[in-house]
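All remarks here apply to the structure that follows.
A, B, ... follow the sequence lines: proteins, then strands. Residue 1 opens every chain. Side chains are part of it too, since the values below use all heavy atoms of this structure and drop only hydrogens, waters and symmetry mates. Quantities reported herein were computed from a predicted structural model and do not represent experimental measurements.
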Amino acid sequence: MIVIENVNKTFGTKHVLKDISANLYKGKCNFIIGASGGGKSVLMKCMVGLVTPETGSITFDGRDFLKLNYKEKINVRKDIGMLFQNTALFDSLNVEENVAFPLRMFTDFTEEQIMDRVNFCLGRVNLVNLNKLFPSNISGGQKKRVGIARAIALNPKYLFCDEPNSGLDPLTSRVIDELIKDITKEYNITTVINTHDMKSLFVMGENIVFIHQGAKWWEGEKAGIRSSGNKELLAFMEASEF
Amino acid sequence: MRFFQHFGEYLLFLKAVFTKPEKGKIFVKQIFTESNNIGVGSFAIISLISTFIGAVSTIQIGYQLVSGILPDYLIGRIVRDSNILEFAPTVTALVLAGKVGSNIASEIGTMKVTEQVDALEIMGINAANYTSLAKIVSGVITIPMLVLYAMMLSLIGGAISGWASGIISVESFVKGLRTDFMGYNVVFAMTKAYTFSFLITSVSAFQGFRTEGGALEVGESSTKAVVYSCMSIIFFDYIISQLMLFK
């Protein structure tokens with residue numbers, strides 16, 4: 001479980017995150033939704049340690065990330081897997097080397113054990129016979145799957161997905177959604193998904209945090225959205241419907 | 001003020017770079033890959049440029065020493081000293097600042113803007129160390145080797161052009177090369193080579209690492225890497241010459 005308490009972040013004179021508190025639950029797909037520029041990417045960057053908030057705390061199962069020293073932070077980071085919006089696969093490495101990368105860095109596995117794990121992860125995301133291809137030679141959907149395979153290679157406790165469906169066709173988007181949902185349940189991961197794709201939310205959303213203009217406007221379960229009475233949230237939902 | 005801010009950031013970057021690599025085995029593999037990219041990849045251009053610099057300097061020195069009073073083997077001696085002291089280390093470094101420096105900055109810059117650096121950080125890897133240390137170490141190993149190679153080729157190029165243009169015989173040129181040879185000049189040249197190789201790779205890696213934005217900014221970083229590397233080479237060329245030649 002990740003607990004965010006009173007997080008504030010400013011860039012210059014712009015107050016980007018305003019006293020945000022939220023709970024993100026284990027074994028659930030936790031959605032952070034909101035309009036572009038609303039602060040959800042900054043919040044996610046604060047959670048994974050790429051941006052340091054001025055005040056507040058972000059606690060990973062009792063470990064206050066912001067109060068940890070460098071080595072302790074690295075230990076928390078080893079429990080984090082992240083799927084980036086643009087996948088962030090290493091261009092110079094092929095598919096299997098990308099997935100093997102965290103294993104080679106952080107484990108003492110033999111090459112045989114590494115390849116077993118790589119093939120298992122690639123199989124889990126339904127990617128076979130692409131091991132030797134480079135990221136530039138595979139499609140956007142395949143890149144996302146490789147990104148997921150890399151993210152789960154070390155059996156993370158926390159999986160962060162930044163706009164997992166951006167740039168994908170609707171069918172592939174649903175496949176990626178299902179995959180993230182299945183992996184979350186299968187490995188009992190705390191999954192945090194940053195998106196404004198409402199279809200994804202209705203497919204797999206469980207715990208929802210709505211961020212608007214840098215502040216948390218609503219938090220709750222998917223079923224409670226319609227009855228929330230929150231005008232901004234309802235307007236956001238209506239604008240996404242078709 | 002901005003210069004001092006950037007210089008401070010550069011020092012902090014170096015502090016992050018010069019830490020123990022996460023995995024020694026991967027680091028060694030990176031060293032081989034980067035040495036191939038920087039050293040072997042620059043072999044052809046350095047061969048061409050150093051041969052022609054030796055050839056041209058022989059012709060120009062021969063042109064200026066046509067008097068009948070001075071012995072012609074002096075051409076070989078002057079070509080030797082000018083190539084060892086200045087042309088081989090400095091011109092090689094300036095060429096590599098363009099080739100290797102822009103390559104390092106654009107590679108790391110692209111990693112930065114495509115979130116690959118963020119991916120490393122999130123995994124708990126020191127991204128400055130992972131992306132830059134192997135490049136700097138490989139540069140410091142291979143660039144001085146290229147400078148030695150450039151010295152040799154420039155003298156061969158000088159001998160060939162002197163013979164081909166009828167300015168000086170090969171025997172006289174070789175006699176000039178052997179006359180009053182000072183090993184200290186090679187030490188001086190290699191001191192410059194090691195300094196320049198560190199400057200090219202570290203300045204370029206720093207420029208790449210501070211890239212923010214998109215493709216346009218990667219291009220800007222690449223240009224800055226070349227410009228700042230060249231400026232620092234010229235500056236340290238002067239400092240090292242002053243310190244080592246006039247103690």
Side-chain angles (χ1 to χ4, degrees), chain A residues 41 44-52 65 68 70-93 97-111 114 135-136 143 146-147 150-151 153-154 156 158-163 166 192, chain B residues 12 15-17 19-38 41 103-135 138 205 208-215 217-218:
Chain A
S41 288
M44 184 169 269
K45 284 183 176 178
C46 286
M47 282 191 268
V48 297
L50 290 176
V51 170
T52 308
F65 190 74
L68 300 178
Y70 182 73
K71 277 194 170 175
E72 290 167 335
K73 277 184 181 172
I74 285 181
N75 284 333
V76 174
R77 282 176 160 162
K78 284 174 187 169
D79 290 335
I80 293 175
M82 181 149 183
L83 174 63
F84 285 86
Q85 186 172 355
N86 297 315
T87 67
L89 298 178
F90 302 120
D91 300 327
S92 56
L93 305 180
E97 287 168 339
N98 262 287
V99 180
F101 185 84
L103 297 165
R104 292 200 167 114
M105 276 292 185
F106 297 117
T107 68
D108 292 320
F109 288 0
T110 62
E111 200 53 31
I114 287 172
S136 56
K143 281 183 192 171
V146 178
R150 185 177 69 179
L154 282 175
Y158 318 99
L159 178 63
F160 290 87
C161 305
D162 188 14
E163 305 279 5
S166 77
V192 183
Chain B
L12 289 173
K15 188 185 165 201
V17 168
T19 51
K20 189 172 171 253
E22 193 74 43
K23 269 276 166 82
K25 201 173 150 190
I26 291 177
F27 179 65
V28 171
K29 197 178 167 193
Q30 280 183 303
I31 296 261
F32 280 105
T33 308
E34 295 300 337
S35 295
N36 185 53
N37 292 343
I38 296 171
N103 184 276
I104 289 174
S106 55
E107 187 183 324
I108 298 175
T110 304
M111 286 184 77
K112 191 85 192 293
V113 300
T114 56
E115 297 179 312
Q116 293 175 50
V117 167
D118 286 348
L120 289 168
E121 292 284 356
I122 288 168
M123 284 179 202
I125 295 165
N126 176 345
N129 171 281
Y130 180 80
T131 57
S132 307
L133 185 61
K135 287 178 172 34
S138 302
F209 206 76
R210 65 200 299 270
T211 307
E212 272 175 15
E217 285 76 11
V218 172

Atom pair [atom1] ([X]) and [atom2] ([Y]), whose distance is rounded to the nearest 0.5 Å:
X: B/K23; Y: A/T107; atom1: NZ; atom2: OG1; result: 5.5 Å
X: B/M111; Y: A/S92; atom1: CE; atom2: OG; result: 6.5 Å
X: B/I26; Y: A/R104; atom1: CD1; atom2: CZ; result: 7.0 Å

Side-chain donor-acceptor distances from residues 74-84 of chain A under 3.5 Å, at least two apart:
from  : atom 1 : to     : atom 2 : distance (Å)
A/R77 : NE     : B/E121 : O      : 3.4
A/R77 : NH2    : A/G49  : O      : 2.9
A/D79 : OD2    : A/R63  : NH1    : 3.4
A/D79 : OD2    : A/R63  : NH2    : 3.1

(request) For each of A/N86, A/L154, A/D91, tally heavy-atom pairs with chain B at distances under 4.5 Å, and name the one with the top tally. (result)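 The candidate making the most pairs under 4.5 Å is A/D91.
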(request) Against chain A, label B/I122 side chain, backbone, both or neither, depending on which of its atoms sit under 4.5 Å from a heavy atom there. (result)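 When you check distances to chain A, atoms from both the backbone and side chain of B/I122 fall under 4.5 Å.
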(message) Less than 4.5 Å to any heavy atom of chain B: does that hold for the side chain of A/F160, its backbone, both, or neither?
(response)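 For A/F160, neither part sits under 4.5 Å from chain B.
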(message) Need one label for A/L89: side chain, backbone, both or neither, based on atoms under 4.5 Å from any heavy atom in chain B.
(response)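 Just its backbone gets close to chain B.
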(message) Test of understanding: with ring pair (Phe, Tyr, Trp, His ring centres under 6.0 Å), list the residues that count as partners of A/F90, not counting sequence neighbours.
(response)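 Here the qualifying residues are A/F101.
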(request) Sort out for me which of B/T110, B/D118, B/N126 touches chain A most, counting heavy-atom pairs under 4.5 Å. (result)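 Winner by heavy-atom pair count: B/D118.
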(request) For each of B/E115, B/Q116, B/E22, tally heavy-atom pairs with chain A at distances under 4.5 Å, and name the one with the top tally. (result)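 Option with the greatest count: B/Q116.
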(message) Would you say CD of A/E111 has more than 12 non-hydrogen atoms from neighbouring residues, nucleotides or ligands within 6.0 angstrom?
(response)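 Yes, because the 6.0 Å sphere around CD of A/E111 holds more than 12 heavy atoms from other groups.
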(request) May I ask you to check whether over 12 heavy atoms, not counting those of A/K45, lie within 6.0 Å of atom NZ? (result)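 Not more than 12 within 6.0 Å, no.
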